[in-house]
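The structure appears right after this line, and notes come after that.
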Amino acid sequence: MKSLVIVESPTKTKTLKKYLPKDYVIDSSMGHIRDLPASAKEIPSKYKKEDWSNLGVNVDKGFEPLYVIPASKKKVVKNLKKLLKQSDELILATDEDREGEAISWHLTELLKPDVPVKRMVFREITKEAIEQALENFRDIDMNLVNAQEARRIIDRLAGYTVSPLLWKKIAPKLSAGRVQSVAVRFLVDRERERMKFRSARYWDLKAKLHKQDDEYIFEADLTHLDGKRLASGKDFDENTGKLKKPKSVVLLDDKKASQLRDDLDQAEWKVSNVEKNRQKRNPSPAFITSTLQQEANRKLGFSAKQTMGVAQKLYENGYITYMRTDSARLSGQAINAARTAVEKEYGKEYLFDRVRNYGGGSKGAQEAHEAIRPAGSSFRKPEDAGLSGAQFRLYDMIWKRTIATQMAQAELEFTNVTIEAKANGKTAEFRTSGKEIIFPGFFRAYVEGSDDPEAALENQENYLPGMSEGEEVIEDGVEPISHETKPPARFTEASLVKELEKQGIGRPSTYATIISTIQDRGYVEADGKTLIPTFTAFAVTELLEKNLEDLVDSDFTSDMENKLDKIAQGELDIETYLSSYFNGEEGLKAKVEKQEEKIDPQEAKHLHLPLQDLDDIQVFVGRFGPYIKKQVNGEELTTSIPVSWKPSDLTAEKLEELIKTEEEGPKSIGDHPESGEPIFVLNGRYGPYVQVGEVTEDNKKPKRASLLKGMSPEDVDLELALKLLELPRSLGNHPDTGKEIKAGVGRYGPFVVHDGTFASLKRSDNVLDIELDRAVELLSEKKKKSNRKSAAIKELGEHPEDGKKVRVMDGRYGPYIKHGKKNYSLSDDVDPEAVTMEDAIKLITEKAK
DNA sequence: CAGTGAGCGAGCTTCCGCTTGACTT
């Protein structure tokens with residue numbers, strides 16, 4: 001008897017093969033094999049005329065979905081059909097969650113088996129688990145399949161009815177969805193808080209102290225003055241920068257702080273209180289997808305996408321368990337392996353006396369897989385695993401975190417000491433605290449990273465000499481310290497994934513793509529690790545908040561999950577649910593239709609940013625990017641916001657300035673000494689530039705030149721403008737060859753050129769006043785390189801996505817990155833020695849676009 | 001490159017969740 005077993009992932013087929021009888025044929029579906037049509041070209045022609053064809057769901061007839069096989073899956077289906085013909089039995093072993101159940105159902109629908117069909121489920125691939133699964137087949141759970149279908153249809157209806165509204169009202173190709181719109185709103189909301197934020201400055205004192213019989217100097221901070229608490233960051237209102245309760249705290253400014261320091265000059269310093277307390281710490285749960293992405297981002301600087309690429313490789317090569325999971329649960333096998341490793345590596349005293357297992361993952365977790373951990377029944381030590389580069393670093397982190405779960409608690413002792421300084425009738429209270437690690441426990445293996453640098457200090461020791469109440473200490477100087485309150489930090493990929501997961505939005509398989517999607521749609525730009533929402537993000541979020549609140553509310557997903565649970569329990573009918581969402585007066589369809597009439601496109605493009613004193617300047621997003629508008633003397637003036645500006649860069653002052661240049665018209669800063677034409681400083685889409693003469697009707701383009709980086713329009717005088725317009729300019733002739741050397745600004749920045757050889761200027765050079773000697777120097781540096789053959793500067797390791805080698809090379813035309821056989825030059829302002837794998841990957845993906 | 005912020009109009013854009021493709025140097 002031949003059985004065909006279908007799983008979701010090809011890697012699983014390999015491991016599963018070991019535990020299944022020899023005559024079982026195992027193959028994979030590669031995820032879903034059928035779906036609603038993704039685009040117009042996937043809609044079968046016989047449905048194209050239908051009103052609902054674009055949705056792929058017959059909303060007029062019971063929300064019947066139209067399923068198609070995407071081109072990429074045709075081969076898979078054909079192959080599975082062939083294999084099934086040769087089999088006597090079909091065993092569906094897709095994942096044990098909502099999506100997995102649906103995949104099994106789609107497989108039966110497509111393969112139409114005329115042999116017996118069995119559903120097999122297991123949560124770990126071990127001999128016992130598989131043997132048990134083989135004896136406990138069940139049927140496909142149609143309620144669960146219905147729940148998945150409802151989820152799929154809801155997402156489609158929401159996404160494909162609201163997105164077109166955005167095309168009509170704001171800009172084509174925009175998108176909205178249950179997940180992405182909430183993610184974008186998180187970013188926009190945080191940015192609004194930052195824009196409203198008003199910083200405050202306050203001062204305190206830091207005292208250097210030592211014991212009478214001990215030279216060790218420690219520091220203590222002023223916390224109270226004459227019994228009243230000193231103001232610190234949390235006492236200030238974020239939106240005003242003023243104290244929330246001015247009467248209950250003491251606020252020191254620069255002068256008062258210095259005065260107090262002088263007053264304390266003759267003070268007596270005495271320990272007034274010593275408190276000790278011990279605390280125990282438990283290790284974090286084993287990794288799930290979201291926490292792995294966060295830690296790799298914090299500790300290794302990987303993006304979510306990179307992390308998943310590296311993890312995929314580790315998984316395929318049998319180093320780790322499945323990397324897309326929402327459960328922190330460790331199997332019995334894993335716990336044993338971890339405990340064995342702890343004992344071997346750290347000794348028995350580091351082993352936790354009980355088994356520690358963190359069941360239950362996040363909100364809405366489906367727990368089809370266990371935690372991400374080293375594969376197998378005994379863990380390979382990272383150093384002995386034969387890994388390098390990114391794979392080694394990620395595996396090492398996973399190994400340590402897993403081991404740590406079975407390690408003893410860490411024990412810490414905190415000592416808080418209060419010291420009083422009395423002088424001139426004033427009592428100043430200083431505090432200091434020490435931290436001692438009594439027993440490191442799991443700290444030996446693993447300490448969780450943090451987005452907050454202050455919290456990262458948590459696990460460091462902080463020595464403090466022993467002191468007792470009443471003891472006198474000696475002052476070694478007191479210094480006023482100024483502090484500034486900071487706005488809430490922008491999201492990073494790590495903190496966004498954390499927030500999404502906390503709200504139960506998105507799934508392990510989608511966190512990385514959510515971030516890509518919102519970037520691709522132009523809602524977000526990454527600046528290093530931070531994610532910054534664009535003007536478009538503000539416009540879209542505003543429109544949704546005002547008109548379709550559900551879609552930007554994270555409660556929508558939790559509400560949907562509750563309904564899906566009911567469907568999965570057989571307590572709610574799928575059509576009833578979908579109809580209540582889509583039809584009726586309060587349904588999505590009617591709402592969108594109503595908004596389509598109601599919303600004025602011009603008003604939808606009008607941003608309401610939390611800016612103060614805007615004085616009727618209005619901000620819009622338009623076809624050519626963001627622009628501003630103001631009525632001046634009955635006339636409507638508009639002008640572009642330069643492309644490099646972010647929403648949070650806007651201030652009333654800067655916008656006034658833009659309007660002013662527009663209002664005054666092109667303002668001449670003088671006439672060209674030769675032609676006599678006026679020279680203007682103008683503001684264009686790419687920022688400020690200078691122009692000679694007016695634009696005439698006859699299509700002739702006037703001479704123009706952009707301002708250089710860091711130049712401000714009001715600083716441009718005639719002399720500077722002429723210099724800019726002169727580029728490329730001649731520097732004279734090369735002393736050796738007699739040929740001319742020119743300086744100019746090109747696509748890759750300022751350069752000098754001689755006899756067809758270009759050399760980029762360094763950051764410290766200025767193209768406007770660079771002299772011949774310096775140009776010769778730059779060119780000869782370049783020449784030295786050109787006489788050499790390319791040489792490797794640094795090996796970076798393997799690219800996480802394709803495993804090809806990445807290295808930094810020094811070539812004839814300057815340093816470049818070599819990725820497989822492709823080369824990418826580095827710009828001159830980066831230090832080739834300091835290039836990291838992360839930089840290289842960024843460059844490669846950018847250039848590949 | 002760069003100034004504008006409108007409109008002709010066929011056919012298209014868009015969602016979320018599963019999973020990894022590989023024609024040749």
Side-chain angles (χ1 to χ4, degrees), chain A residues 7-12 28-41 48 54-57 70-73 75-76 94-95 97-103 106 148 151-168 171-181 309 312 315-316 322 324 366 368 505-511 513-514 517 520-521 551 557 560 601-602 605 620-629 636 638-640 642-643 662 665-666 680 682-691 694-695 701-702 704-707 747 801-802 820-821:
Chain A
V7 292
E8 285 181 44
S9 108
T11 317
K12 233 181 191 174
S28 62
S29 74
M30 311 258 195
H32 279 289
I33 39 137
R34 263 199 337 181
D35 194 9
L36 304 175
S39 64
K41 61 179 180 293
K48 279 223 163 154
N54 179 48
L55 288 174
V57 178
S72 60
K73 292 293 165 60
K75 237 173 148 177
V76 176
T94 53
D95 294 350
D97 59 11
R98 205 158 64 202
E99 300 294 328
E101 202 70 16
I103 292 174
H106 280 291
Q148 190 277 343
R151 197 279 306 154
R152 181 69 191 88
I153 294 175
I154 287 277
D155 282 333
R156 169 54 64 93
L157 293 176
Y160 276 40
T161 44
V162 178
S163 299
L165 183 69
L166 300 179
W167 306 340
K168 284 172 199 143
K173 295 193 182 182
L174 292 178
S175 62
R178 174 178 58 86
V179 171
Q180 59 170 284
S181 297
Q312 176 85 28
Y315 167 65
E316 283 172 8
Y322 197 58
R324 291 188 272 265
Q366 302 187 17
I505 296 168
R507 302 279 312 139
S509 64
T510 60
Y511 296 134
T513 35
I514 293 166
T517 302
D520 291 346
R521 300 277 171 275
L551 212 55
T557 291
M560 178 191 79
Q602 185 65 5
K605 295 187 191 94
F620 293 87
V621 289
R623 289 202 296 155
F624 312 109
Y627 66 100
I628 53 175
K629 199 191 261 183
E636 191 171 83
T638 65
T639 186
S640 278
V643 275
E662 185 65 24
F680 302 107
L682 298 165
N683 179 46
R685 175 154 143 61
Y686 297 96
Y689 62 103
V690 294
Q691 173 176 307
E694 313 261 2
V695 178
K701 285 205 170 165
R704 293 170 171 146
S706 284
L707 303 205
R747 257 159 68 75
E801 277 162 38
D802 55 24
K821 285 182 178 171

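Here the structure is a predicted model, which is why all the values come from computation and not from measurement. All values below come from the heavy atoms of this structure, side chains included, with hydrogens, waters and symmetry mates left out. Proteins come first, then strands; the chains are lettered A, B, ... in the order of their sequence lines, and each starts at number 1.
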Taking the side chain of [X] as its heavy atoms from C-beta onward, which of [options] lies nearest to it?
X	options	answer
A:Ser509	B:dT4, B:dT14, B:dG17	B:dG17
A:Ser39	B:dC18, B:dT13, B:dC15	B:dT13
A:Arg704	B:dG17, B:dA2, B:dG5	B:dA2
A:Ala40	B:dT4, B:dC12, B:dC15	B:dC12

Verify salt bridge (Lys or Arg N to Asp or Glu O under 4.0 Å) between A:Asp35 and A:Arg156, making sure each step is shown before the conclusion.
-> CA-CA 11 Å; A:Asp35 194 9; A:Arg156 169 54 64 93; 5.6 Å; no

Taking atom [atom2] of [N] as reference, at what distance in whole Å does atom [atom1] of [X] sit?
X	N	atom1	atom2	result
A:Tyr511	B:dG17	OH	P	9 Å
A:Gln602	B:dG7	CD	P	10 Å
A:Leu157	B:dC16	CG	C1'	12 Å
A:Asp35	B:dC18	CG	C1'	9 Å
A:Glu8	B:dC18	CD	C1'	6 Å
A:Lys75	B:dT20	NZ	P	16 Å
A:Leu55	B:dT13	CG	C1'	14 Å
A:Arg156	B:dC16	CZ	C1'	9 Å

Verify the stacking flag for [X] against [N]: centroid separation must be under 5.5 angstrom and the ring planes must differ by under 30 degrees.
X	N	answer
A:Tyr689	B:dA2	yes
A:Tyr627	B:dG5	yes
A:Trp167	B:dT13	yes

Can you check whether [X] has a side-chain N or O nearer than 4.0 Å to OP1 or OP2 of [N]?
X	N	result
A:Arg34	B:dG17	no
A:Thr517	B:dC15	no
A:Gln312	B:dT20	yes

Considering every strand and a 4.0 Å limit on heavy-atom distances, what is the contact class for [X]: base, sugar-phosphate, or nothing?
X	result
A:Arg152	base
A:Gly177	sugar-phosphate
A:Ser72	nothing
A:Arg151	base

Residue that, paired with A:Val162, satisfies side chain to side chain contact (heavy atoms under 4.5 Å, CB included) out of A:Leu174, A:Leu551, A:Leu157 | A:Leu551

May I ask you to decide if the ring planes of A:His106 and A:His32 are parallel, tilted or perpendicular, using 30° and 60° as cut-offs?
-> perpendicular

Does A:Ala176 offer a backbone N or O that forms a donor-acceptor pair with the side chain of A:Ser163 under 3.5 Å?
-> yes

Polar side-chain atom of A:Gln148 near backbone of A:Glu101 as donor-acceptor pair, under 3.5 Å | no

For DNA chain B, what is the dot-bracket line, given that a base pair needs Watson-Crick (N1 to N3, plus N6-O4 or O6-N4) or G-U wobble (N1-O2 and O6-N3) geometry with both distances under 3.5 Å, and | means paired with another strand?
-> .........................

Polar pair under 3.5 Å, donor/acceptor by atom type, side chain A:Ser640, base B:dG5 | yes

Roughly how far, to the nearest 0.5 Å, is the CZ atom of A:Arg152 from the CD atom of A:Glu99?
-> 9.0 Å

